[in-house]
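In what follows, every chain begins at residue 1, and chains take the letters A, B, ... in the order their sequences are listed. Since the structure is predicted, the reported quantities are computational estimates derived from the model, not experimental observations.
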2 protein chains.
Amino acid sequence: MMDEPAVERLRAAGLRPTRQRVQLVELLFSDGHRHMTAESLHADAGAAGVQVSLATVYNTLHQFTEAGILREVVVDASRSYFDTNTGDHQHFFVENDGTLIDIPGDEIAVSGIPTPPKGHAVDRVDVVVRIRKN
Amino acid sequence: MMDEPAVERLRAAGLRPTRQRVQLVELLFSDGHRHMTAESLHADAGAAGVQVSLATVYNTLHQFTEAGILREVVVDASRSYFDTNTGDHQHFFVENDGTLIDIPGDEIAVSGIPTPPKGHAVDRVDVVVRIRKN
DNA sequence: TCAACAGATTAGAATAGTTCTAATCCCGTG
DNA sequence: CACGGGATTAGAACTATTCTAATCTGTTGA
Ligand SMILES: [Mn+2]
Ligand SMILES: [Mn+2]
Ligand SMILES: [Zn+2]
Ligand SMILES: [Zn+2]
């Protein structure tokens, strides 16, 4: 059948390859990893000639996150960030301009995490190194 | 002059000891450390008979944070958390119920943080261990 | 002691990010 | 090619937070 890679990727994730999803996948995964916000992705889509509503951008970000092809990064209490890099890594967060920079997972390490309270399991360990321009 | 401790603390922080601030300080610092949300603090204040508007709770949380007697903890993209423990420590975040648990700063350690990009300085390193009830 | 003023509080309106609704659309199957 | 269920969408709704502008109160100096 030789589907395009974007269509492949959606099928693999169990998502119907609609025009919007295919174009968003192409935008997101064609050229290295990227960090985004719903608004920033919607703007980038518009700039790239991809016609998609903000509601669909939100839906898509959540579906992709659930499907494991995106991950959510919590660094700011007022905005959700998403990341095309779902591998083991952490972040610098530039507080001045709201920018994220990857820290490879094999460079950084967290030690001495106590045993979680009884009946709880660790889901994920997030490190955010907050930096500022000076 | 022998001011009450709450009044002392506010003076030391350069804040006028108004009725609302004094009562909030008493609520916040009388009995061990606590984590809170603007809404939860407003509710607790009400329950304790402290009459204060939600706007003042928000103002106060931000002023206290700026003054260094509270710190903000970013764990959830949709709500701001504050912490009376301003010392060196990290958190478990129970994703099921939105609860925070302290991890003492001398138990946990982060190593291998790369040098920040030129012209940037590290402000703080935050670790969030996300856990869930099972 | 108290007038006066700057800072603080407040109710309610406004804002911003996100989610919801319910009407329309379109992908996949037969 | 018709159909059915999932997907998209505009716009309304929602929620946390901030703003506004009127009122109040802590502080100070006469
Ligand atoms: Mn979300
Ligand atoms: Mn804030
Ligand atoms: Zn990343
Ligand atoms: Zn804490």
Side-chain angles (χ1 to χ4, degrees), chain A residues 1-4 6-27 35-46 49-67 69-70 72-82 98, chain B residues 1 3-4 6-25 27 35-46 49-67 69-70 72-82 98:
Chain A
M1 291 290 77
M2 274 295 94
D3 275 327
E4 320 165 46
V7 172
E8 277 306 284
R9 194 188 289 258
L10 286 165
R11 292 228 146 86
L15 295 166
R16 250 207 239 182
T18 62
R19 193 204 83 229
Q20 291 85 340
R21 285 176 182 158
V22 169
Q23 295 188 129
L24 287 175
V25 165
E26 283 164 352
L27 237 192
H35 301 108
M36 79 222 83
T37 259
E39 291 283 357
S40 80
L41 177 55
H42 187 238
D44 290 357
V50 174
Q51 199 187 336
V52 58
S53 71
L54 184 56
T56 295
V57 168
Y58 273 105
N59 290 340
T60 302
L61 286 172
H62 287 142
Q63 293 152 355
F64 285 11
T65 299
E66 194 135 350
I69 64 179
L70 281 184
E72 197 172 350
V73 183
V74 178
V75 286
D76 184 320
S78 72
R79 204 187 317 271
S80 280
Y81 286 79
F82 295 84
Chain B
M1 287 309 52
D3 276 326
E4 321 163 45
V7 172
E8 277 306 282
R9 194 189 288 258
L10 285 165
R11 292 227 145 88
L15 295 166
R16 249 207 241 184
T18 63
R19 193 204 82 231
Q20 290 85 340
R21 285 177 182 158
V22 169
Q23 294 187 129
L24 287 175
V25 165
L27 236 193
H35 301 109
M36 79 220 83
T37 258
E39 290 284 358
S40 80
L41 177 55
H42 187 237
D44 291 356
V50 174
Q51 199 187 334
V52 57
S53 71
L54 184 56
T56 295
V57 168
Y58 274 105
N59 291 339
T60 302
L61 287 172
H62 288 140
Q63 292 152 355
F64 285 11
T65 299
E66 194 135 350
I69 64 180
L70 281 185
E72 197 171 348
V73 183
V74 178
V75 286
D76 183 320
S78 73
R79 204 186 318 270
S80 280
Y81 286 78
F82 295 85

To check you understand the geometry: which heavy-atom pair defines the closest contact between [X] and [Y], and what is its length?
| X | Y | result |
| --- | --- | --- |
| A:Glu26 | A:Ala6 | CG-CB, 3.8 Å |
| B:Gly98 | B:Tyr81 | O-OH, 3.0 Å |
| A:Ala45 | A:Val52 | CB-CG1, 3.9 Å |
| A:Leu61 | A:Met36 | CD2-SD, 4.0 Å |
| B:Ser40 | B:Thr37 | OG-N, 2.9 Å |

Checklist entry - Are any of A:His62's side-chain N or O atoms less than 4.0 Å away from OP1 or OP2 of C:dT19? => result yes

Between [N] atom [atom2] and [X] atom [atom1], what is the distance in whole Å?
| X | N | atom1 | atom2 | result |
| --- | --- | --- | --- | --- |
| A:Leu10 | D:dA7 | CG | C1' | 13 Å |
| B:Asn59 | D:dT18 | CG | P | 9 Å |
| A:His42 | D:dT8 | NE2 | P | 13 Å |
| A:Asp76 | C:dT18 | CG | C1' | 14 Å |
| A:Leu54 | D:dA10 | CG | P | 10 Å |
| B:Glu66 | C:dG7 | CD | P | 15 Å |
| B:Arg21 | C:dT9 | CZ | C1' | 9 Å |

Would you call [X] and [Y] a side-chain contact if the rule is heavy atoms closer than 4.5 Å?
| X | Y | result |
| --- | --- | --- |
| B:Gln20 | B:Thr60 | no |
| A:Val74 | B:Val74 | yes |
| A:Arg19 | A:Val50 | no |
| B:Arg21 | B:Gln63 | yes |
| B:Leu10 | B:Phe64 | yes |

Checklist entry - If we fit an axis to the first five pairs and another to the last five of the helix from C:dT1-D:dA30 to C:dG30-D:dC1, what angle do they make, to the nearest 10°? => result 20°

Checklist entry - Given that A:Ser53 and B:Ala38 both sit by DNA chain D, which one's nearest nucleotide is further toward the 5' end? => result A:Ser53

Item to check | Of A:Gly14 and B:Tyr81, the one whose closest DNA chain D nucleotide lies more 5' | outcome: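 By nearest-heavy-atom nucleotide position, the 5'-most residue is A:Gly14.
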
Next on the checklist: Measuring from atom NE2 of B:His62 to atom CD of B:Glu72, what distance do you get when rounded to the nearest 0.5 angstrom?
Outcome noted: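 Here the rounded value is 5.5 Å.
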
All N/O pairs under 3.5 Å across the protein-nucleotides 12-16 of chain D interface:
residue : atom : partner : partner atom : Å
D:dA16  : OP1  : B:Arg79 : NH1          : 3.4

Checklist entry - Base, backbone or nothing for each nucleotide of nucleotides 22-30 of chain C, written B, S, -, heavy atoms under 4.0 angstrom, 5' to 3'? => result -----BS--

